[in-house]
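Per chain, numbering begins at 1; letters A, B, ... match sequence-line order.
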Amino acid sequence: MRLSRDFFERNTLDVARELLGKFMVFNGKVGRITEVEAYIGQDDPACHAARGMTPRNRVMFGQGGFSYVYFIYGMYHCLNFVTEREGFPAAVLIRGVESVSGPGRLCKTFGIDKTHSGVDLCTSDSFYVEDRGYKPACIKETPRIGIKVGKDKMWRFIDDAI
DNA sequence: GTCCCGATTCTA
DNA sequence: AGAATCGGGACT
């Protein structure tokens, strides 16, 4: 069944862990989420919201359960799911789904770009997340990847299935 | 307007 | 280790 607003509007670390094993659906394509990272609030230096609201990161400040997609390195898009209540900017970066590694490759595979930022995953018919009963056996926690600040936080979570 | 740099990926 | 590649955000 589809994840509701209540799932996303919680503590971001809980949402991040629980997104592992859920299935993202986008325009008929489906993938089981295997790797995520949390970006939490204005005190997290690696979070796009660390220096306040901008046109790009505006959706992070809104209700949980929306998509946040941004363009990076001149050629890749990265997909996030917004978490926490309206007014608290945080999101979970979807770094991988089964058999697709890396956030840039994931968006390319699914055909996701910044025009798909700000979609309400709790009401959209083409973009949402489902619980299909899968539960990861073991979750690995590591520092986040590809950042220069905020490396001290163990906010990367991987479905460590063997 | 200008400048620097990035939540990546691929090649060597 | 370095290149590819360009929009966003800070600053003038």
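- Here dT8(B) presents its P atom at 12 Å from NZ of K148(A), a figure rounded to the nearest Å.
- Between the side chains of D113(A) and T115(A), at least one donor N or O lies within less than 3.5 Å of an accepting N or O.
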Protein-nucleic acid N or O pairs under 3.5 Å, nucleotides 3-7 of chain C:
unit_1, atom_1, unit_2, atom_2, d
dT5(C), O2, Y73(A), O, 2.5

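- Taking 4.0 angstrom as the limit, T54(A) places a side-chain polar atom (N or O) nearer than this to OP1 or OP2 of dG9(C).
- The residue R144(A) sits apart from the nucleic acid: no heavy atom pair falls under 4.0 Å.
- Nucleotides dC5(B) and dG2(C) are separated by 16 Å at their C1' atoms, to the nearest Å.
- Across the protein-nucleic acid pair, M53(A) atom CE and dA10(C) atom P stand 13 Å apart, rounded to whole Å.
- Note that NZ of K22(A) is 4.5 Å distant from NZ of K135(A), once rounded to the nearest 0.5 Å.
- Nucleotide dT9(B) holds its P atom 10 Å from the CD1 atom of I145(A), rounded to whole Å.
- With rounding to whole Å, R51(A) atom CZ is found 10 Å from dC11(C) atom P.
- For K151(A), the NZ atom is loosely surrounded, since the number of other residues' heavy atoms within 6.0 Å does not exceed 12.
- Within the 4.0 Å cut-off from OP1 or OP2 of dT8(B), at least one side-chain nitrogen or oxygen of R95(A) is found.
- At a threshold of 4.0 angstrom between heavy atoms, the contacts of I147(A) are confined to the sugar-phosphate backbone, with no base atom among them.
- Partner F81(A) forms a side-chain contact (heavy atoms from CB on, under 4.5 Å) with one of V15(A), L93(A), I33(A) and no other, that one being I33(A).
- Between Y68(A) and Y70(A), the ring centre distance stays below 6.0 Å.
- Protein atom CE of M60(A) is 11 Å distant from nucleotide atom P of dA7(B), rounded to whole Å.
- Helical stems in DNA chain B, defined as runs of 3 or more consecutive Watson-Crick or G-U wobble pairs with both donor-acceptor distances under 3.5 Å, are listed by first residue as B:1-6 with C:6-11, B:8-11 with C:1-4.
- Summarising the geometry, the separation between OH on Y70(A) and P on dC5(B) is reported as 18 Å, rounded to the nearest angstrom.
- In the model, Y134(A) has a side-chain atom that pairs as donor or acceptor with a side-chain atom of D159(A) under 3.5 Å.
- Applying the salt bridge (Lys or Arg N to Asp or Glu O under 4.0 Å) test to pairs two or more places apart or on separate chains, none has a residue in residues 58-78 of chain A.
- The CZ-C1' distance, from R156(A) to dT8(B), rounds to 13 Å in whole Å.
- Between the side chains of E84(A) and T12(A), a donor-acceptor pair is found at a separation under 3.5 Å.
- Straight-line distance from the NZ atom of K153(A) to the C1' atom of dA7(B): 14 Å, rounded to whole Å.
- A sub-4.0 Å separation between OP1 or OP2 of dC10(B) and a side-chain N or O of R105(A) is present.
- Pairing each heavy atom of C47(A) with each of M60(A), the nearest pair is SG-CE, 3.6 Å.
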